[in-house]
Structure formats: structure tokens, C-alpha cells
A.B. asks: 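Input: one structure, supplied below.
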Amino acid sequence: MSSNWFKRVKEGITTSTKEKKETPEGLWHKCDKCKTVYTLQEIQKLYWVCDRCSHHGRIGSEEYFQILFDDGKYKELDAKLTSGDPLDFEDTKKYTDRVKATIKSTGLYDAIRTAAGKLDGHDFVIACMDFDFIGGSLGSVMGEKIARAIDHAIKINAPFMIISKSGGARMMEAGFSLMQMAKVSGKLGQLSEAKLPYISLLTHPTTGGVTASFAMLGDLNIAEPEALIGFAGPRVVKETIGRDLPDGFQTSEFVLEHGFLDYIVHRGELRDKVALSLKLFRS
Ligand SMILES: [Zn+2]
């Protein structure tokens, strides 16, 4: 395919250089669902939610931290913890190469970032996954970072939140990945003993080992609208049970209706609703 399609071929259409600098090309966002086009500034103001069809665009940890922490200020915890090569297989060289390449391309060090800040004037600790980093996969670094973030929450007597967005366990770390489910669940038990609330926010998509463990263990389990939430994908479930699946199977709305969620929250109301929930826990 010719890349000329995307270039201005004809002279004279281009506006002056000065004006061009103010609106650089490529700074557009197109809604995945209804294809409405926004400028980056517009969609940022809307929290990356399309105001025409309400589709929640995918965002990363930085955007969630900006939404939730007072004035967008926070201190990142264990920022540079990265994945080693726990299995030491000869062919894991490919895996370590992939980790290195992903660090370079995303500017992230693993599929989760943890941070402490204030929400509504109160201490708050958040662990938020980044799908751009190997599908938000749960590996040993994610488990360790969540565990340390929970220790930090207990130390400063703060509530804790995990924002999930994950394809599940990181297969390249095999058993080490699966162990993290138990490790995090155990740590959450300590948080509970310290009488500190844990809020789990499930965003699109939350699947596999993450759903099967800590994402569903919140004192409050909440989700963004129309998120895919499930253990196995719909195709696998259909083949396993040999039956057609009901409409909307594995969406937030379906999961809410079946009693596994406390509420669904529009991203524009996320901050206020979480602040209110924490206020209720405090009283
Ligand atoms: Zn839309």
C-alpha cells in the first residue's frame, strides 16, 4: 500500500508553518465504536469516553492516576522493578528480549504501576495495569509490585485500589505467574486484617487469572461500562458447555446483573464515586 495516501501531495493546501505547528498531525482520536473523531484535547477532557456513544477508550495507568489522585499528584512506588528470567530456559532469551523491547517502546517497566497519593484529601494507594505492556499480563513483577503496594498502604493506613486490565497470566513465566494469584490474595488478607478497604475496578478487558483471583476479591468490585469480564473467552466457554451464550455474556452489565459487581461506573464519575465509597467505609 502506498503511504502517499496519507501525504499532502498538492502544494498550496498546507497552511502556514506556524499554524501547522499548533495543530500537529496525528493528534486525533477516533472512537473505536462509532468512529467519531476528536482532537486529543477534546477526548482528554472527556476522560477518553466518546460523548456520542459512551464507548470507554482504553487508557493507561498515567491517565487513571491523573483522574483519581488530587491534582494528579502522586509518588510512584517501585517504579523500575523489571522482570528477570525466572525459568532460566534456553529459549527464554526471546522472552527477555521481548521484555526489553517492550520497555523501550512503551516507556513502562512492567504491566502495572503502583502509586501513593491523596484522594479527596485522604491517603490512597493505587495499582493500575497497563495493557500496552504484554497485554497487562500477570507475572512475577506485577505480583511483587501489588504486594509491596499493599504493604505500603498498611504502613500509611490507606485504602487500596487495583485497576485491572489484563489478558491473564503471563505464560512466559508459567508457574511463577500463577503463584502471584495466591501471593496477592494472601496480601489482601493482611489489608483486610488491618481494616483497610480494597476497591477493585475492572476495565476492558479483565480476563484469565486476574479475574479468577484478586480482581473479584474487592470489598467493592466495580467496573467500567461494557467491559469484557471473564475467565476464558466466549468461544472457549461456548465450546466447553456446548450451548449458545446469552446476549451480552461476559460484559460488565451481565456480570452486575448476576451479582458479581457492586456497581458500574462511568469514567467521568469515577473519582467522585470512589471518593464517596471511601467516605462510607470511613464512617
Ligand atoms: Zn463513539
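Model, not experiment: these values are computed from the prediction.
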A.B. asks: Please report the C-alpha distance between S185 and L217 in whole Å, then the side-chain angles of each, then the deciding distance to 0.1 Å, and finally whether the side-chain contact (heavy atoms from CB on, under 4.5 Å) criterion is met.
C.D. replies: CA-CA 8 Å; S185 304; L217 290 177; 3.6 Å; yes
A.B. asks: Spell out, as yes or no, whether a donor-acceptor pair under 3.5 Å connects the side chain of N221 to the backbone of S200.
C.D. replies: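 Side chain of N221 to backbone of S200, a donor-acceptor pair under 3.5 Å: no, none is there.
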A.B. asks: Please tell me if the side chains of Q180 and E173 come closer than 4.5 Å, counting only heavy atoms from C-beta onward.
C.D. replies: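 The answer is no; the side chains never approach within 4.5 Å.
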A.B. asks: With heavy-atom distances below 4.5 Å as the criterion, would you say the side chains of I229 and S252 are in contact?
C.D. replies: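 Heavy-atom side-chain distance check passes, below 4.5 Å.
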A.B. asks: For the hydrophobic clusters of this structure (ILVMFWY residues joined by side-chain heavy atoms under 4.5 Å, transitively), does one cluster hold both Y64 and I222?
C.D. replies: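 Same cluster: Y64 reaches I222 through Ile, Leu, Val, Met, Phe, Trp or Tyr contacts under 4.5 Å.
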A.B. asks: Hey, what do you get for CZ (F160) to CD1 (I150), rounding to the nearest 0.5 Å?
C.D. replies: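 It comes to 4.5 Å.
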A.B. asks: Are side-chain heavy atoms of F249 and V237 found at a separation under 4.5 Å?
C.D. replies: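 Sidechains of V237 and F249: in contact.
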A.B. asks: Taking a hydrophobic cluster as the set of Ile, Leu, Val, Met, Phe, Trp and Tyr residues connected by side-chain heavy atoms closer than 4.5 Å, whether directly or through intermediates, do F124 and L276 fall within one such cluster?
C.D. replies: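 No, separate clusters.
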A.B. asks: Which value, rounded to the nearest 0.5 Å, describes the distance between T82 atom OG1 and I103 atom CD1?
C.D. replies: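 CD1 of I103 is found 5.0 Å from OG1 of T82.
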A.B. asks: Once rounded to the nearest 0.5 Å, what's the spacing between atom CD of E253 and atom CD1 of I264?
C.D. replies: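 One gets 4.0 Å once the value is rounded to the nearest 0.5 Å.
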A.B. asks: Less than 4.5 Å apart, side chain to side chain, heavy atoms only: is that true for T39 and L27?
C.D. replies: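 Not in contact.
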A.B. asks: Check the pair M216 / T211 against side-chain contact (heavy atoms from CB on, under 4.5 Å), numbers first and verdict last.
C.D. replies: CA-CA 6 Å; M216 284 296 190; T211 314; 4.1 Å; yes
A.B. asks: Tell me the closest heavy-atom pair linking G60 and D130, and the distance in Å.
C.D. replies: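 Heavy atoms only, the tightest pair is CA-OD1, 3.3 Å.
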A.B. asks: Begin with the C-alpha distance, continue with both residues' side-chain angles, and end with the deciding distance and a verdict on side-chain contact (heavy atoms from CB on, under 4.5 Å) for V125 and L77.
C.D. replies: CA-CA 10 Å; V125 177; L77 310 167; 4.2 Å; yes
A.B. asks: Specify the closest pair of heavy atoms between L119 and R271, including all atoms of both residues, with the distance to one decimal.
C.D. replies: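 Residues L119 and R271, closest heavy atoms: CD1-NH1, 3.4 Å.
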A.B. asks: Considering non-hydrogen atoms only, spot the tightest contact between L191 and P197 and give its length.
C.D. replies: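 For L191 versus P197, the nearest heavy atoms are CD2-O, 3.9 Å.
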A.B. asks: Indicate yes or no for a side-chain donor-acceptor contact from K145 to the backbone of I112 under 3.5 Å, with no hydrogens or angles considered.
C.D. replies: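 Confirmed, K145 side chain pairs with I112 backbone.
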A.B. asks: Any ion pair linking D71 and K118 (charged N to carboxylate O, less than 4.0 Å)?
C.D. replies: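 Salt bridge: no.
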A.B. asks: Do I126 and F65 have side chains that approach each other closer than 4.5 Å (heavy atoms only, starting at C-beta)?
C.D. replies: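 Yes, side chains in contact.
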A.B. asks: Would you check, one step at a time, whether the test salt bridge (Lys or Arg N to Asp or Glu O under 4.0 Å) holds for D272 with K279?
C.D. replies: CA-CA 10 Å; D272 287 350; K279 203 172 173 183; over 6 Å; no
A.B. asks: Under the side chain to side chain donor-acceptor pair (under 3.5 Å) rule, collect the residues that match up with D262, sequence neighbours excluded.
C.D. replies: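 With neighbours one apart ignored, the set is empty.
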A.B. asks: Hey, does the side chain of S192 reach the backbone of L188 with a donor-acceptor pair shorter than 3.5 angstrom?
C.D. replies: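 Here the side-chain-to-backbone pair does not exist.
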A.B. asks: Rounded to the nearest 0.5 Å, what's the gap from CZ on F281 to CG on L220? Could you check?
C.D. replies: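 Result: 4.0 Å between the selected atoms.
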A.B. asks: Is the count of non-hydrogen atoms from other residues, nucleotides or ligands lying under 6.0 Å from K35 atom NZ greater than 12?
C.D. replies: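 Above 12, so yes.
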A.B. asks: Are I67 and Y74 connected in a single hydrophobic cluster, I mean Ile/Leu/Val/Met/Phe/Trp/Tyr linked by side-chain heavy atoms less than 4.5 Å apart?
C.D. replies: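 Result: yes, single cluster for both.
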A.B. asks: With side chain to side chain donor-acceptor pair (under 3.5 Å) as the test, pick out the partner of E224 among R267, K165, H204.
C.D. replies: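 Exactly one pass, corresponding to R267.
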A.B. asks: Following the transitive rule for hydrophobic clusters with a side-chain heavy-atom cut-off under 4.5 Å over Ile, Leu, Val, Met, Phe, Trp and Tyr, establish whether M172 and L108 coincide in one cluster.
C.D. replies: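 Same cluster.
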A.B. asks: Is there a side-chain contact between E144 and D78 in this structure, where contact means two heavy atoms from C-beta onward sitting under 4.5 Å apart?
C.D. replies: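 No - every pair of side-chain heavy atoms lies 4.5 Å or more apart.
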A.B. asks: Under 3.5 Å, side chain of Q250 to main-chain N/O of A232, donor-acceptor pair present?
C.D. replies: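 Yes: the side chain of Q250 pairs with the backbone of A232.
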A.B. asks: Measure across I241 and L245 and return the closest heavy-atom pair with its distance rounded to 0.1 Å.
C.D. replies: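 That closest heavy-atom pairing would be CD1-CD2, 4.0 Å.
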A.B. asks: Inspect the surroundings of CZ in R282 and state if more than 12 heavy atoms from other residues, nucleotides or ligands are less than 6.0 Å away.
C.D. replies: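 Buried by this count: over 12 neighbours within 6.0 Å.
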A.B. asks: Please report the shortest heavy-atom distance between S164 and F214, naming the atom on each side.
C.D. replies: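 Distance-wise, the nearest heavy atoms are OG-CE1, 4.3 Å.
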A.B. asks: Closer than 4.0 angstrom, basic N to acidic O: yes or no for R170 and D110?
C.D. replies: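 A salt bridge links R170 with D110.
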A.B. asks: Would D151 and K155 satisfy side-chain contact (heavy atoms from CB on, under 4.5 Å), going step by step from the backbone distance to the final call?
C.D. replies: CA-CA 6 Å; D151 282 339; K155 196 174 128 200; over 6 Å; no
A.B. asks: Looking at F254, I'd like to know if its CZ atom is crowded, meaning that more than 12 non-hydrogen atoms belonging to other residues, nucleotides or ligands lie closer than 6.0 Å.
C.D. replies: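 Counting other residues, nucleotides and ligands, CZ of F254 exceeds 12 neighbours.
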A.B. asks: Supply the atom-to-atom distance E63 CD to C128 SG, rounded to the nearest 0.5 angstrom.
C.D. replies: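 Here the rounded value is 9.0 Å.
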A.B. asks: For the residue pair V265 and V274, establish whether any side-chain heavy-atom pair is separated by less than 4.5 Å.
C.D. replies: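 The answer is no, as the side chains (C-beta and beyond) never meet within the 4.5 Å cut-off.
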A.B. asks: Do L261 and L202 have side chains that get closer than 4.5 Å, going by heavy atoms?
C.D. replies: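 Yes, their side chains come closer than 4.5 Å.
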A.B. asks: Would the distance check show the side chain of T207 and the main-chain N or O of F231 forming a donor-acceptor pair, the cut-off being under 3.5 Å?
C.D. replies: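 No; zero donor-acceptor contacts below 3.5 Å.
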A.B. asks: Which distance, rounded to the nearest 0.5 Å, do you find between the CE of M171 and the CG of L138?
C.D. replies: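 Here the interatomic distance stands at 9.5 Å.
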A.B. asks: Quick check: closest heavy atoms across C34 and C31, and the distance to 0.1 Å?
C.D. replies: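 So the minimum-distance heavy-atom pair works out to N-SG, 3.4 Å.
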A.B. asks: Should V141 and M181 be regarded as members of a common hydrophobic cluster, given that ILVMFWY residues are connected when their side-chain heavy atoms come within less than 4.5 Å of each other, either directly or indirectly?
C.D. replies: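 Looking at the clustering, M181 is in a separate group from V141.
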A.B. asks: Show me the donor-acceptor pairs within less than 3.5 Å that the side chains of residues 43-53 make with the rest of the protein, sequence neighbours left out.
C.D. replies:
unit_1 : atom_1 : unit_2 : atom_2 : d
D51    : OD1    : Y38    : OH     : 2.8
R52    : NH1    : T36    : OG1    : 3.3

